[in-house]
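Ligands are counted one by one from 1 in listed order, and the atoms in each one are counted from 1 as well.
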Amino acid sequence: MAKTIYILNGPNLNMLGKREPGIYGGKTLSDIEADCRKRAAVLDLLIEFRQSNHEGALVDWIQEAGEKEAAGIVINPGAYGHTSIALHDAIRAVDPLPVIEVHLSNIHAREPFRHQSMIAPVAVGMICGLGPMGYTLALEALAARL
Ligand code: CA2
């Protein structure tokens with residue numbers, strides 16, 4: 001039976017494609033979802049693709065992925081990735097569910113406050129700077145672990 005991967009997106013990612021295309025590219029979050037659905041079909045995966053501007057909603061969805069025995073989580077936590085102990089703790093709490101952190105931009109080539117990740121220490125890996133392709137690469141990586 002096909003396994004489910006949760007793809008979670010944090011604050012402001014609903015604005016993609018509408019502003020700041022120089023940093024984040026021209027694709028909307030719906031375009032990225034369509035790319036993920038296409039790749040998931042090839043990999044025989046089901047996906048739950050969600051976005052919220054609210055930290056607690058992201059925590060709830062991480063817990064839901066654990067309860068529903070999802071096969072993994074791809075998360076672009078947005079700015080919460082740099083600050084959120086709550087997301088860090090939520091990911092720890094669903095261990096050994098594999099989590100891959102994705103950022104569209106290269107957070108290490110940007111402002112110093114973006115260099116730290118609260119997610120990376122509890123993730124199996126992190127992809128940043130590769131734009132929307134980071135999401136589909138993360139799906140490939142999770143599929144390879146199944
Ligand atoms: O590079 C990424 O994917 C980020 O997670 C994007 C976040 C940023 O806070 C992280 O440091 C890196 C920002 C989300 C997108 O914000 C937008 C704001 C205005 C217009 C379009 C997108």
Side-chain angles (χ1 to χ4, degrees), residues 3-43 45-66 68 70-145:
K3 308 260 189 192
T4 302
I5 305 290
Y6 277 60
I7 304 179
L8 305 180
N9 295 279
N12 295 310
L13 287 159
N14 54 315
M15 301 294 287
L16 286 178
K18 298 166 190 158
R19 287 168 174 266
E20 304 212 57
I23 299 177
Y24 298 117
K27 282 196 174 185
T28 65
L29 196 60
S30 296
D31 295 332
I32 293 174
E33 178 176 359
D35 289 348
C36 288
R37 291 200 178 281
K38 256 191 233 163
R39 186 56 56 97
V42 171
L43 296 168
L45 293 171
L46 298 172
I47 60 172
E48 279 290 334
F49 193 100
R50 300 184 188 171
Q51 186 273 332
S52 179
N53 293 327
H54 304 277
E55 191 176 14
L58 297 164
V59 170
D60 288 343
W61 293 338
I62 291 165
Q63 291 181 4
E64 180 185 311
K68 296 207 167 156
I73 298 175
V74 175
I75 185 166
N76 182 343
Y80 289 144
H82 311 303
T83 60
S84 178
I85 297 169
L87 289 180
H88 174 105
D89 287 346
I91 292 169
R92 283 183 90 103
V94 294
D95 181 68
L97 185 62
V99 174
I100 299 185
E101 179 181 9
V102 170
H103 293 279
L104 295 160
S105 61
N106 180 354
I107 57 174
H108 300 291
R110 300 185 64 191
E111 305 94 323
F113 61 80
R114 295 186 204 273
H115 295 181
Q116 166 166 296
S117 168
M118 301 300 288
I119 311 299
V122 285
V124 295
M126 195 242 252
I127 299 170
C128 74
L130 302 183
M133 187 191 288
Y135 285 74
T136 51
L137 290 173
L139 281 177
E140 299 272 356
L142 288 173
R145 293 173 63 94

K.L.:
Measure the distance from atom 2 (C) of ligand 1 to every protein heavy atom, then report the residue, atom name and distance (to 0.1 Å) of the closest one.
P.N.:
Leu104 N, 3.3 Å
K.L.:
Which bit of Ile23 is near ligand 1, meaning a heavy atom under 4.0 Å away: side chain, backbone, both or neither?
P.N.:
neither
K.L.:
So which protein heavy atom does atom 4 (C) of ligand 1 come closest to, and at what separation?
P.N.:
His103 ND1, 3.5 Å
K.L.:
Quick one: nearest non-hydrogen protein atom to atom 16 (O) of ligand 1, plus distance?
P.N.:
Asn12 CB, 3.5 Å
K.L.:
Would you say Glu55 and Asn53 are linked by a side-chain donor-acceptor pair, where the criterion is simply a distance under 3.5 Å?
P.N.:
no
K.L.:
Quick check on contacts: which atoms of ligand 1 are under 4.0 angstrom from a heavy atom of Arg19?
P.N.:
20 (C), 21 (C)
K.L.:
Tell me, which protein residue and heavy-atom name are nearest atom 1 (O) of ligand 1, and how many Å apart are they?
P.N.:
Ser105 OG, 2.5 Å
K.L.:
Indicate yes or no for a side-chain donor-acceptor contact from Glu101 to the backbone of Ile119 under 3.5 Å, with no hydrogens or angles considered.
P.N.:
no
K.L.:
Contact between Lys18 and ligand 1, counting heavy atoms under 4.0 Å?
P.N.:
no
K.L.:
For atom 18 (C) of ligand 1, what's the nearest protein heavy atom and its distance?
P.N.:
Glu20 OE2, 3.9 Å
K.L.:
So which protein heavy atom does atom 7 (C) of ligand 1 come closest to, and at what separation?
P.N.:
Tyr24 OH, 3.7 Å
K.L.:
Nearest 0.5 angstrom please: Gln51 CD to Trp61 CH2, how far?
P.N.:
7.0 Å
K.L.:
State the atoms of ligand 1, each with its element, that fall below the 4.0 Å cut-off from a heavy-atom position in Ala79.
P.N.:
9 (O)
K.L.:
Before you tell me yes or no, could you show the steps for Tyr24 and Asn12 under side-chain hydrogen bond (donor to acceptor under 3.5 Å, both in side chains), namely the whole-Å CA-CA distance, both residues' side-chain angles and the distance that decides it to 0.1 Å?
P.N.:
CA-CA 11 Å; Tyr24 298 117; Asn12 295 310; over 6 Å; no
K.L.:
Against heavy atoms of His82, which atoms of ligand 1 measure under 4.0 Å?
P.N.:
10 (C), 11 (O)
K.L.:
Please determine whether a side-chain nitrogen of the Lys or Arg among Arg50 and Glu33 lies less than 4.0 Å from a carboxylate oxygen of the Asp or Glu.
P.N.:
no
K.L.:
If you measure from each non-hydrogen atom of Arg114 to ligand 1, which part falls under 4.0 Å: side chain, backbone, both or neither?
P.N.:
side chain
K.L.:
Relative to ligand 1, is Pro11 under 4.0 angstrom through side chain, backbone, both or neither, heavy atoms considered?
P.N.:
backbone
K.L.:
Using a 6.0 Å cut-off, check whether atom CZ of Arg110 has over 12 heavy atoms from anything other than its own residue.
P.N.:
yes
K.L.:
Nearest 0.5 Å, please: how far is CG in Leu137 from CG in Leu142?
P.N.:
11.0 Å
K.L.:
Is the ring pair His103/His82 parallel, tilted or perpendicular, if the boundaries are 30 and 60 degrees?
P.N.:
parallel
K.L.:
Does either side chain, that of Thr4 or that of Glu48, offer a donor lying less than 3.5 Å from an acceptor on the other one?
P.N.:
no
